[in-house]
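Read through the structure below, which is laid out as structure tokens, and then see the notes.
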Amino acid sequence: QVQLVESGGGLVQAGGSLRLSCAASGRTVRSYAMGWFRQAPGKERELVAACNWSGGSTYYADSVKDRFTISRDNAKKTVYLKMNSLKPEDTAVYYCADSSTVTTRDQLYDYWGQGTQVTVSS
């Protein structure tokens, strides 16, 4: 069993930055890919960033490329999402999840955190 707990969300003005953290407990997640998803009200959940176990292979949604950076510290069992140049359209609940591979298919992510709210004001 894996537990994932997100933190770091909050209210920020457009153009600002936030760093989300996802702390894992339970079995080791060192060999697992990790993803950050988001879901805004009335919209489908979307994958915004993912990385493999080493962090050497990454995926970013077009909407966040060059603004968001995913990274991980396996020793701390923690994955981060640094978000720069935030826009009002980035407002959503952000979730982390783990998978056996970097994939955009959310059905292949096994464990999910409870989510953290990010609100970007204009």
Side-chain angles (χ1 to χ4, degrees):
Q1 187 77 11
V2 173
Q3 293 81 41
L4 302 174
V5 179
E6 302 95 337
S7 61
L11 174 64
V12 64
Q13 288 188 330
S17 298
L18 283 174
R19 189 180 78 158
L20 305 183
S21 299
C22 173
S25 61
R27 64 161 164 75
T28 178
V29 295
R30 186 178 58 185
S31 60
Y32 285 76
M34 297 295 292
W36 282 98
F37 291 78
R38 67 185 181 188
Q39 187 165 24
K43 294 188 177 181
E44 292 188 356
R45 184 170 58 193
E46 64 169 338
L47 177 68
V48 295
C51 69
N52 69 342
W53 69 274
S54 70
S57 177
T58 58
Y59 163 87
Y60 294 97
D62 288 342
S63 59
V64 306
K65 276 181 182 176
D66 300 324
R67 298 190 299 121
F68 290 13
T69 303
I70 188 171
S71 62
R72 64 192 297 165
D73 184 335
N74 289 331
K76 295 182 178 179
K77 294 185 179 181
T78 301
V79 179
Y80 305 97
L81 184 67
K82 182 65 187 302
M83 306 183 295
N84 296 324
S85 303
L86 283 162
K87 306 175 181 180
E89 50 263 44
D90 294 318
T91 295
V93 177
Y94 284 72
Y95 302 88
C96 65
D98 79 336
S99 173
S100 59
T101 185
V102 176
T103 176
T104 59
R105 298 173 60 189
D106 57 0
Q107 310 95 308
L108 298 183
Y109 286 80
D110 298 313
Y111 295 96
W112 295 77
Q114 82 291 346
T116 185
Q117 176 70 47
V118 171
T119 303
V120 184
S121 64
S122 57

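For the pair Asp110 and Val2, the minimum side-chain heavy-atom distance is 4.5 Å or more. Counting only heavy atoms from C-beta outward, the side chains of Val79 and Trp36 approach each other to under 4.5 Å. Side-chain atoms of Phe68 and Leu86, non-hydrogen and from C-beta on, do get closer than 4.5 Å to each other. Within the 4.5 Å cutoff, side-chain heavy atoms of Ser63 are placed close to those of Arg38. Side-chain contact check for Met83 versus Val12: every heavy-atom pair is 4.5 Å or farther apart. Between Ile70 and Tyr59 there is no side-chain heavy-atom pair separated by less than 4.5 Å.
Not a single donor-acceptor pair under 3.5 Å links the side chain of Ser57 to the backbone N or O of Asn52. When atom types are taken as modelled, the side chain of Arg72 and the backbone of Gly55 share no donor-acceptor pair closer than 3.5 angstrom. With hydrogens and angles ignored, the 3.5 Å screen pairs a side-chain donor or acceptor of Asp98 with a backbone N or O of Tyr111. For Thr101 (side chain) and Thr103 (main-chain N/O), no donor-acceptor pair under 3.5 Å exists by modelled atom type. Side-chain atoms of Thr58 never come within 3.5 Å of backbone atoms of Cys51 as a donor-acceptor pair (strictly under, hydrogens ignored). Of the possible polar contacts, one joining the Glu6 side chain to the Gly115 backbone as a donor-acceptor pair under 3.5 Å is found. No donor-acceptor distance shorter than 3.5 angstrom exists from the side chain of Gln114 to the backbone of Val5, with no hydrogens or angles considered.
Annotation for Met34 and Cys22: closest pair CE-SG, 4.1 Å, computed over non-hydrogen atoms. Heavy atoms only, all atoms of each residue included: Ala40 and Ala92 are closest at N-CB, 3.8 Å. Of all the heavy atoms in Leu81 and Ala49, the pair that sits closest is CD1-CB, 3.9 Å. Minimum heavy-atom separation, Ala24 to Leu4: CB-CD2, 3.6 Å. Looking at every heavy atom in both residues, Lys65 comes nearest to Asp62 through NZ-OD1, 3.2 Å.
Atom OG of Ser100 is separated from atom OH of Tyr32 by 7.5 Å, given to the nearest 0.5 angstrom. Note that the OG1 atom of Thr69 and the CZ atom of Arg19 stand 11.5 Å from one another [nearest 0.5 Å]. Note that CG of Leu11 is 9.5 Å distant from CD of Gln117, once rounded to the nearest 0.5 Å.
Val48 is connected to Leu20 through a chain of hydrophobic side-chain contacts under 4.5 Å among Ile, Leu, Val, Met, Phe, Trp and Tyr, so both are in one cluster. Both Tyr94 and Tyr60 sit in one connected hydrophobic cluster of ILVMFWY residues. Membership requires side-chain heavy atoms under 4.5 Å apart, directly or through other members.
With sequence neighbours left out, Phe37 forms a ring pair (Phe, Tyr, Trp, His ring centres under 6.0 Å) with Tyr109, Trp112.
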Requested in this report: Begin with the C-alpha distance, continue with both residues' side-chain angles, and end with the deciding distance and a verdict on side-chain contact (heavy atoms from CB on, under 4.5 Å) for Lys82 and Ser17.
Outcome: CA-CA 7 Å; Lys82 182 65 187 302; Ser17 298; 4.1 Å; yes

Report task. Show your reasoning for whether salt bridge (charged side-chain N to carboxylate O under 4.0 Å, His left out) applies to Asp90 and Lys87. Result -> CA-CA 5 Å; Asp90 294 318; Lys87 306 175 181 180; over 6 Å; no

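Within 6.0 Å of CD in Glu44 there are 12 or fewer heavy atoms belonging to other residues, nucleotides or ligands.
When hydrophobic residues (I, L, V, M, F, W, Y) are linked wherever their side-chain heavy atoms come within less than 4.5 Å, Tyr80 remains an isolated member.
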